[in-house]
Amino acid sequence: MNMHIYAFGSICRGEIDLGSDVDLLACVGGPAEQIDHEKYSVYRYERIQALWKEGNPFAWHLHLESRLLFSPDGTDFLNDLGKPARYIADARDCTKFQRLFDRSYHELRQSSNSATFHLSCIFLAIRNFATCHSLSLGQPIFSRKSPLMVLPSLDIDPQAFSILTRARLLSTRGYGENITNEEVVAAIKAVAIVPRWMEALRSQHSP
Amino acid sequence: MIEFNNRIDAQRVILNLVNRGIWKEELYGLSSGAIDRWVRVNGIDPAADLPRAIRESADKLFFLANKSQEQVTDEYRLLSVEVLELTQRIARIIDIV
């Protein structure tokens, strides 16, 4: 079967900690039932080409932070695609992540049910918001710490940020120490500044 | 169901339902790692109705997540309906548990 395998993400940035795993991408030419979809992100070649054409953040992520592990014929499929198109969907994407934050924050304040999942969604919202913002400025940051690396950075207590990171690992991998009620309360308090931070980042863009 | 926030909403509904039950540790997400942990910590029979329904809905949601917005095929619509049916099944099981 025609297939290229890549590593991407934190391992390519050297961002390794106890919660890190290895992100693997399989680019395939047809149905790929033999590939474990838990271990690999599986994409058809045409889909990857479409992501490149639309300047999708995932295309930029792969373009800037991926390493070829296997090629059936010595070619490097992603490299041969060249640079993705300019990223232009930042307004739409940032609105999407702002909405995710709003809904998750609302749920979190309503009830303690599924608090870890809501905190995990808040992590996803702020991380992706910061990444999309940085990409639209032409200085992409794909790190898990992107909210702390953009300007202005999210002014959040490091302890509270680590609670959000832990929630994400618990939700996406079932890994880590569970989050106490006190930590949930501390995190809710800490993320109250997020809407203002998001507005400050968006104000850097022309309407 | 296609839109990103709709898929998260679907996950949130399922988790809120499951976590209405009294567990030693709640279900943290619909990843296989999170489901495995929840089953293990709470001493749940992996073959029971509830974990099976949760895994099925997770499979379908992750399948939808990997599809592009333009792929609104009949198969896709069918899967969205199946997620809704699974959510209703989970709600019924939780009411019994």
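Computation of the quantities below employed the complete heavy-atom set of this structure, encompassing side-chain atoms and omitting hydrogens, waters and symmetry-equivalent molecules. Everything numeric here is computed off the predicted structure, so don't read it as measured data. By convention in this document, chain letters (A, B, ...) are assigned in the order of the sequence lines, proteins followed by strands, and residues within each chain are numbered from 1.
- Pairing each heavy atom of A:Phe117 with each of B:Gly29, the nearest pair is CD1-CA, 4.4 Å.
- Between atom CZ of residue B:Arg37 and atom OG of residue A:Ser171 there is a gap of 11.0 Å, rounded to the nearest 0.5 Å.
- The two atoms that bring B:Glu26 and A:Asn113 nearest to each other are OE1-C, 4.2 Å, heavy atoms only.
- No more than 12 heavy atoms of other residues, nucleotides or ligands sit less than 6.0 Å from atom CD of A:Glu177.
- Across every non-hydrogen atom of B:Ile8 and A:Cys121, the tightest pair is CG2-SG, 3.9 Å.
- Annotation: residues 136-147 of chain A contacts chain B through no residue [non-hydrogen atoms, separation under 4.5 Å].
- Sparse packing is recorded around CD of A:Gln159, with 12 or fewer heavy atoms of other residues, nucleotides or ligands lying under 6.0 Å away.
- A:Arg13 pairs by the side-chain hydrogen bond (donor to acceptor under 3.5 Å, both in side chains) definition with A:Glu15, A:Glu65, not counting sequence neighbours.
- Contacts between A:Ser104 and chain B at a heavy-atom distance below 4.5 Å involve backbone atoms as well as side-chain atoms.
- For the set B:Leu30, B:Val41, B:Asp36, B:Asn19, the count of heavy-atom pairs under 4.5 angstrom toward chain A peaks at B:Asn19.
- Note that the CG atom of A:Leu100 and the CG atom of B:Asp9 stand 8.5 Å from one another [nearest 0.5 Å].
- Of the residues considered (A:Asn178, A:Ile179, A:Thr172), A:Asn178 shows the highest number of contacts with chain B, using heavy-atom pairs under 4.5 Å.
- Separating the CG atom in A:Leu124 from the CZ atom in B:Phe4 is a distance of 4.5 Å, to the nearest 0.5 Å.
- For B:Asn16, the parts lying under 4.5 angstrom from a heavy atom of chain A are both the backbone and the side chain.
- Heavy-atom distances place both the backbone and the side chain of B:Arg12 under 4.5 Å from chain A.
- Atoms CZ and CG, from A:Arg103 and B:Asn5 in turn, are 5.0 Å apart once rounded to the nearest 0.5 Å.
- To the nearest 0.5 Å, the span separating OH on B:Tyr28 from CG on A:Leu119 amounts to 11.0 Å.
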